[in-house]
Colleague: 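Next up is a structure, given as structure tokens.
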Amino acid sequence: MSRLGNLGARLYRGEVGYDFVAKRMLWYGVSILITITAIVGLGVRGLNMGIEFKGGAVYTTPKTTVSAGKAEEIAEDAAGHDAIVQELGTGGLRIQVSGLDTKAANSLKDDIAAGVDVPVKDITAELVGPSWGEQIANKAWTGLGVFMILVVLYLAIAFEWRMALAALIALVHDLTITVGVYALVGFEVTPGTVIGLLTILGYSLYDTVVVFDGLKESSKDITKQTRYTYSEIANRSLNGTLVRSINTTVVALLPVAGLLFIGGGFLGAGMLNDISLSLFVGLAAGAYSSIFIATPLVADLKERDPQMKALRKRVLAKRAAAGSKDGAEQDGDAFTEVPEGTATAGGVVGPRGRRGRSTENRR
């Protein structure tokens with residue numbers, strides 16, 4: 001078995017672990033900081049909406065010797081609006097100008113033909129009305145709303161309302177960060193972006209549901225024992241799926257990174273950026289929220305339950321009594337190997353430590 005596979009098995013058995021739940025205030029603080037940055041970027045810079053949402057015209061020229069930069073100057077001078085020009089694999093240009101009506105679009109076609117030195121009849125012009133983009137946006141919002149409602153209902157029925165609320169907060173967290181990144185980097189928002197945003201919701205929810213399913217099984221009849229608190233059970237469940245979550249995210253990010261950095265960057269296929277950026281940021285944010293936000297938030301909400309409060313008191317009282325009877329505490333080094341059957345609440349994956357007798361291993 002590989003070292004990563006062996007680590008995953010030990011994490012699953014609870015032999016080693018990292019206490020994500022105990023450090024939840026740190027993760028909350030990081031998430032709040034990132035979210036505020038995204039919201040500020042969105043408020044200050046706004047989204048660079050594509051022509052599909054603002055309306056305008058798209059011109060496709062045959063092969064020409066005029067550069068994209070020169071064509072952009074020609075189009076902007078003639079139209080009086082900002083233009084975006086992309087070089088095509090055929091040697092032609094794709095020129096998009098927003099805010100044009102039919103009359104202005106026809107006039108601009110003649111100016112572009114003269115500027116890039118190609119016949120007018122060889123230029124393909126496509127006029128896009130803003131109403132089409134508005135319909136796409138409305139359908140996207142409707143789809144997003146229906147998805148959120150169905151997710152909350154499913155999780156509330158299959159698990160419980162606290163998990164449904166935590167998953168919903170994690171999804172909003174991921175969407176806010178992704179939209180904020182679009183505002184900060186200035187990438188154009190197109191229907192491809194909308195598709196990417198809707199796609200990442202499923203990826204973001206996947207890891208969260210996997211952890212919640214393990215937590216549901218582990219916390220069954222939890223009040224009948226005095227070994228672990230709910231937070232410790234939640235942390236064990238999270239550690240048990242940690243390697244799986246990381247592997248799934250890395251495998252999903254690699255092809256998306258290829259689209260974004262190679263296809264959209266080195267090869268200049270700018271249209272790939274529309275969907276690849278939203279997928280890349282959304283997948284990374286989804287993995288982060290599943291590990292650092294959703295599960296700790298469930299533990300926070302659950303620990304407010306009177307039964308869980310009573311359980312925590314019993315567990316801590318038993319540990320205090322056992323520690324007093326033994327007359328000695330365990331080694332306080334955070335880098336320890338946790339004996340099988342004990343809680344991982346204070347353990348961190350690291351070098352092998354002293355295998356002392358655990359006061360938590362006794363019932």
Colleague: Are the side chain of Asn239 and the backbone of Asn235 linked by a donor-acceptor contact shorter than 3.5 Å?
Modeller: yes
Colleague: Under the rule for side-chain contact (heavy atoms from CB on, under 4.5 Å), what residues qualify as partners of Leu42, not counting sequence neighbours?
Modeller: Leu47, Val179, Ala183
Colleague: Yes or no on side chain to side chain contact (heavy atoms under 4.5 Å, CB included) for Val151 and Leu168, after CA distance, side-chain angles and deciding distance?
Modeller: CA-CA 8 Å; Val151 164; Leu168 180 61; over 6 Å; no
Colleague: Tell me every residue that passes side-chain contact (heavy atoms from CB on, under 4.5 Å) with Ala78, counting only those two or more places apart in sequence or in another chain.
Modeller: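 side-chain contact (heavy atoms from CB on, under 4.5 Å) list for Ala78, sorted by chain: Leu108, Asp111.
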Colleague: Quick one: which residue pairs count as a salt bridge (Lys or Arg N to Asp or Glu O under 4.0 Å) with a foot in residues 167-182, not counting sequence neighbours?
Modeller: none
Colleague: Could you tell me which residues satisfy salt bridge (charged side-chain N to carboxylate O under 4.0 Å, His left out) with Asp117, sequence neighbours excluded, listed by chain and number?
Modeller: none
Colleague: Set out, in order, the CA-CA distance, both residues' side-chain angles and the distance that settles side chain to side chain contact (heavy atoms under 4.5 Å, CB included) for Val118 and Ile123, then state yes or no.
Modeller: CA-CA 8 Å; Val118 297; Ile123 296 180; 3.7 Å; yes
Colleague: According to side chain to side chain donor-acceptor pair (under 3.5 Å), who are the partners of Thr208, at least two apart in sequence or on a separate chain?
Modeller: Ser290
Colleague: For residues 32-40, which side-chain N or O atoms pair as donor and acceptor with protein atoms under 3.5 Å away, sequence neighbours left out?
Modeller:
unit_1	atom_1	unit_2	atom_2	d
Thr35	OG1	Ser31	O	2.7
Thr37	OG1	Leu33	O	2.9

Colleague: Should Val172 and Tyr206 be regarded as members of a common hydrophobic cluster, given that ILVMFWY residues are connected when their side-chain heavy atoms come within less than 4.5 Å of each other, either directly or indirectly?
Modeller: no
Colleague: Please list all pairs meeting ring-ring contact (aromatic ring centres under 6.0 Å, His included) that have one or both residues in residues 292-322, counting only residues at least two apart or in different chains.
Modeller: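 Non-adjacent pairs meeting ring-ring contact (aromatic ring centres under 6.0 Å, His included): Phe20-Phe292, Trp27-Phe292, Tyr288-Phe292.
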Colleague: Considering residues at least two apart in sequence or located in another chain, which fulfil the side chain to side chain donor-acceptor pair (under 3.5 Å) criterion with Thr61?
Modeller: none
Colleague: So, using side-chain contact (heavy atoms from CB on, under 4.5 Å) as the criterion, who are the partners of Asp305 when residues are at least two apart?
Modeller: Arg162, Gln307, Met308
Colleague: Regarding Lys302 and Glu160, does a basic nitrogen lie under 4.0 Å from an acidic carboxylate oxygen?
Modeller: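 Judged by the 4.0 Å cut-off on N to carboxylate O distance, Lys302 and Glu160 do form a salt bridge.
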Colleague: Taking side chain to side chain donor-acceptor pair (under 3.5 Å) as the definition, give me every residue that meets it alongside Arg314, ordered by chain and number, with sequence neighbours left out.
Modeller: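 Scan of Arg314 (side chain to side chain donor-acceptor pair (under 3.5 Å), adjacent residues dropped) gives none.
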Colleague: For residues 64-74, dump all side-chain donor-acceptor pairs below 3.5 Å to protein atoms at least two apart in sequence or in another chain.
Modeller:
unit_1	atom_1	unit_2	atom_2	d
Thr64	OG1	Val66	N	3.2
Thr64	OG1	Val116	O	3.0
Ser67	OG	Lys70	N	3.2

Colleague: State which residues pass side chain to side chain donor-acceptor pair (under 3.5 Å) with Tyr28; sequence neighbours excluded, sorted by chain then number.
Modeller: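 Expected list: Asp300.
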Colleague: Treat each ILVMFWY residue as a node, draw an edge where side-chain heavy atoms are under 4.5 Å apart, and state whether Leu238 and Val30 are in one component.
Modeller: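 Yes, it is one cluster - the side chains of Leu238 and Val30 are joined through contacts under 4.5 Å.
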Colleague: When you check the gap from the basic side-chain N to the acidic O, do Arg312 and Glu303 get nearer than 4.0 Å?
Modeller: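 The answer is yes: the pair qualifies as a salt bridge.
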